[in-house]
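Here's the structure we're looking at; comments come further down.
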There are 2 protein chains.
Amino acid sequence: MVKIGDVAAAADVSVATVSRTLNNNSTVDPALAERVRAAAESLGYRPNAVARNLRRRRTSVWALVITDIENPFYTAVARGVEDAARSNGYSVLLCNSDEDQEREARYLQVAAGEHVAGLILAPRNASTDVSELRAAGIPVVVVDRSCGAELDTVRTKSSEGARIATEHLLAEGWRRPACITGPADAETAEARHAGSVLAVDAHGTDDLTRHVSYDSEGGRAAAADLLDSDARPDAFFVANSMLALGVLGELRRRALRVGSDVGLVMFDDAPWARLLDPAISVVSQSAYEMGGRAGELLLDRLSGSGPAEPRNEYLPATLIVRESSRR
Amino acid sequence: MVKIGDVAAAADVSVATVSRTLNNNSTVDPALAERVRAAAESLGYRPNAVARNLRRRRTSVWALVITDIENPFYTAVARGVEDAARSNGYSVLLCNSDEDQEREARYLQVAAGEHVAGLILAPRNASTDVSELRAAGIPVVVVDRSCGAELDTVRTKSSEGARIATEHLLAEGWRRPACITGPADAETAEARHAGSVLAVDAHGTDDLTRHVSYDSEGGRAAAADLLDSDARPDAFFVANSMLALGVLGELRRRALRVGSDVGLVMFDDAPWARLLDPAISVVSQSAYEMGGRAGELLLDRLSGSGPAEPRNEYLPATLIVRESSRR
DNA sequence: TTGAAAGCGCTAACAC
DNA sequence: GTGTTAGCGCTTTCAA
């Protein structure tokens with residue numbers, strides 16, 4: 001391994017000069033700078049980022065803590081974050097918490113220990129503890145859900161999206177829409193439930209809700225349970241695309257045709273939604289943009305710009321009516 | 001920030017003893033160890049991983065360089081890698097190259113500079129240069145595609161999968177299957193093309209192939225082009241699920257029904273494949289397992305176990321016949 | 001403008 | 001079994 005001293009010797013200057021030129025800091029004599037660059041080049045010198053990080057007491061990596069990269073929503077968020085990071089010289093550490101409080105806590109510790117420059121977090125719930133990060137001076141921005149602490153947050157207008165979707169179902173003439181949503185203590189799950197209930201209440205129909213884990217098996221089980229119950233729904237508002245995968249599978253198994261036998265709207269405009277026949281009506285949220293925006297907020301904190309008080313932003317949720325919600 | 005010296009002072013021992021107990025290295029007197037732990041706990045001590053990394057001259061992070069985390073295949077690979085990493089005390093740095101040679105090279109440099117413990121790479125093509133990593137003693141394992149260098153590699157039997165899928169199409173009575181695949185210089189694209197051609201040649205029909213970028217727009221364009229051409233195909237073998245999204249969209253736009261008007265098999269068992277009506281026949285590959293296996297190979301290198309020569313492994317590609325390929 | 005030198009916080013010889 | 005101490009490779013005062 002060739003180190004800074006080797007370059008200095010080859011260029012016949014001090015290590016300080018090498019450091020300065022390579023970081024194009026203060027003014028270095030152009031002639032010397034040229035010698036340094038040539039020496040570095042010919043020796044194949046690569047600065048050791050670990051040493052630099054230690055000395056500078058900061059790194060150029062962000063940690064991204066989400067529940068599951070296989071959830072297409074978070075996949076897009078991650079891509080948005082990564083693009084923002086890369087174009088500003090940062091790399092991103094990917095952490096899947098799997099909605100597991102303990103694993104999430106461990107990742108937060110790792111992030112603190114690694115002295116990441118910043119952290120973007122989709123917290124398990126409001127009880128997620130980021131105090132250690134804060135104490136270490138590591139800025140954190142929250143996405144998708146919110147966190148107890150006073151932090152920059154960017155979310156989708158989940159409740160509103162759910163309300164509009166359910167109202168739409170009702171307006172189309174479906175009489176008994178059910179809400180299939182995530183765990184009651186997951187903020188998005190509850191917000192979408194609340195929005196849906198708002199519409200249902202206004203309409204004077206029953207609240208048919210199932211809270212299940214945010215995956216396709218959860219969706220399948222909820223759909224089966226609802227369809228076998230006495231209070232059988234005739235339409236579904238499904239709180240995300242993974243749940244919908246299970247719901248649609250179960251409907252298909254029962255030969256129930258969406259858009260005629262039952263109505264359906266799901267949250268998240270998955271790429272396959274318009275491919276199904278009938279095409280699935282969705283509430284679309286801007287996942288990639290959410291990641292990008294979180295990156296921007298983080299950059300603001302990193303550069304010290306931005307307001308003192310935490311920013312709380314909402315991205316729109318847009319109903320896209322296709323066929324599955326029509327009668 | 002509380003550091004190791006503070007803990008040592010509080011426990012009235014030397015920093016060496018603190019280090020030893022916290023790394024449960026050599027034997028430390030249980031009583032002292034207890035004092036150290038108590039002190040560390042009460043001071044809220046968190047070891048500085050950066051300092052440790054510098055001193056140990058190795059880190060506990062892996063870099064994962066793929067083309068695009070939004071490609072569901074790589075999403076699953078990433079999850080497999082992350083799980084393997086986490087359960088062995090490593091974190092993973094996520095790098096999207098977007099099939100861009102230059103961006104890939106930059107990420108390899110970052111990985112080298114950060115002194116990652118190891119790297120898992122889906123290379124742009126065989127010309128990807130990992131010599132700097134090798135020189136730095138960083139083990140790299142290659143996934144999905146291969147790399148010029150002599151490296152551990154884990155791939156899917158792409159060619160065989162493609163051949164079987166195309167043979168199946170032919171056996172079902174489709175007369176003119178076309179192959180829609182990725183860029184000619186992407187190894188998987190070429191392997192799947194080659195496999196498909198093998199079947200087509202044996203059957204004595206024309207080779208109808210389109211090389212396009214590995215995304216849904218590429219698939220859409222290729223399908224449109226083929227359907228408008230003089231040599232109109234009556235079936236499609238599509239080399240991955242992102243391409244298939246575009247192909248299926250185009251078919252739908254033209255009101256062409258899969259499984260009756262045209263036959264179709266796609267590579268990758270996307271979660272939505274069985275939801276379409278008719279359900280899509282697929283060649284399934286084990287993406288999650290590929291990531292996990294890559295992790296295992298990397299761990300072997302890291303621990304020095306494993307054979308001296310590079311391992312070259314293939315995971316099976318399995319045809320799952322559903323409805324889209326039937327007449 | 002340049003160089004000497006003091007650390008960043010930790011681990012691992014080495015000595016006791 | 002425990003402590004002292006010399007670095008890991010770099011950046012950054014501080015002097016010159």
Side-chain angles (χ1 to χ4, degrees), chain A residues 1-37 39-40 43-61 109-110 112-117 135-138, chain B residues 1-37 39-40 43-61 89 110 112-117 135-138:
Chain A
M1 157 174 287
V2 27
K3 34 197 178 184
I4 201 171
D6 303 330
V7 177
D12 195 25
V13 295
S14 73
V15 294
T17 301
V18 176
S19 176
R20 288 191 189 104
T21 52
L22 266 29
N23 292 295
N24 27 257
N25 278 354
S26 67
T27 50
V28 175
D29 183 273
L32 284 198
E34 197 35 60
R35 245 162 59 203
V36 168
R37 270 183 247 287
L43 293 179
Y45 172 67
R46 296 286 167 229
N48 181 327
V50 180
R52 154 193 301 208
N53 291 341
L54 175 59
R55 176 60 231 231
R56 284 210 180 145
R57 321 182 87 209
R58 70 197 144 89
T59 63
S60 51
V61 348
Q109 274 177 27
V110 169
E114 296 281 351
H115 286 243
V116 298
I138 297 175
Chain B
M1 156 175 287
V2 27
K3 33 198 179 181
I4 201 171
D6 302 331
V7 177
D12 196 26
V13 296
S14 72
V15 293
T17 301
V18 176
S19 177
R20 287 191 191 105
T21 49
L22 265 28
N23 293 294
N24 25 257
N25 279 353
S26 66
T27 50
V28 175
D29 183 274
L32 284 198
E34 196 36 58
R35 245 161 61 202
V36 168
R37 270 182 245 286
L43 292 179
Y45 171 68
R46 296 284 168 231
N48 181 328
V50 179
R52 155 193 301 208
N53 290 341
L54 177 58
R55 177 60 231 230
R56 291 227 273 220
R57 322 184 82 204
R58 67 195 148 90
T59 63
S60 50
V61 350
V110 170
E114 295 281 352
H115 286 243
V116 299
I138 298 173

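Computed from a predicted model, the values in this text were never measured in an experiment. Chain letters run A, B, ... following the sequence lines, proteins first and then strands; every chain starts at 1.
- Annotation: of the two residues near DNA chain D, A:A51 and B:S14, the 5′-most nearest-nucleotide partner is B:S14.
- On the nucleic acid side, DNA chain C contacts chain A at distances under 4.0 Å to non-hydrogen atoms, with the end points of that region at C:dT1 to C:dG9.
- Mapping B:L32 and B:R55 onto DNA chain D by nearest heavy atom places B:L32 at the nucleotide closer to the 5' end.
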Next item on the list: Before giving the answer on side chain to side chain contact (heavy atoms under 4.5 Å, CB included), spell out for B:R56 and B:N23 the whole-Å C-alpha distance, their side-chain angles and the decisive distance to 0.1 Å.
Entry: CA-CA 12 Å; B:R56 291 227 273 220; B:N23 293 294; 4.3 Å; yes
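- Minimum interatomic distance between A:I138 and A:A117 (heavy atoms only, all atoms of both residues): CG2-O, 4.1 Å.
- Among the heavy atoms of the strands, none lies under 4.0 Å from A:V50.
- Taking a heavy-atom distance under 4.0 Å as the criterion, the stretch of DNA chain D touched by chain A extends 5' to 3' from D:dG9 to D:dT13.
- Comparing the local axis fitted to the first five base pairs of the helix from C:dT1-D:dA16 to C:dC16-D:dG1 with the one fitted to its last five gives a bend of 40°, rounded to 10°.
- A donor-acceptor pair under 3.5 Å links the side-chain atoms of A:T59 to the main chain of A:H115, judged by distance alone.
- Of the possible donor and acceptor atoms, none in the side chain of B:R46 sits under 3.5 Å from a partner among the backbone N and O of A:Q109.
- The minimum heavy-atom distance linking B:Y45 with B:L22 is given by the pair CE2-CD2, 3.5 Å.
- Using a 4.0 Å heavy-atom cutoff across all strands shown, A:S19 reaches at least one base atom of the nucleic acid.
- Contact annotation: the side chain of A:V61 never approaches that of A:E114 to less than 4.5 Å [non-hydrogen atoms, C-beta and beyond].
- When all heavy atoms are compared, the tightest approach of A:V50 to B:L54 is CG1-N, 3.5 Å.
- Among the protein residues, A:N23 comes within range of the sugar-phosphate backbone only, with heavy atoms under 4.0 Å from sugar or phosphate atoms but none that close to a base.
- Nearest heavy atoms, A:V15 versus A:I4: O-CD1, 3.8 Å.
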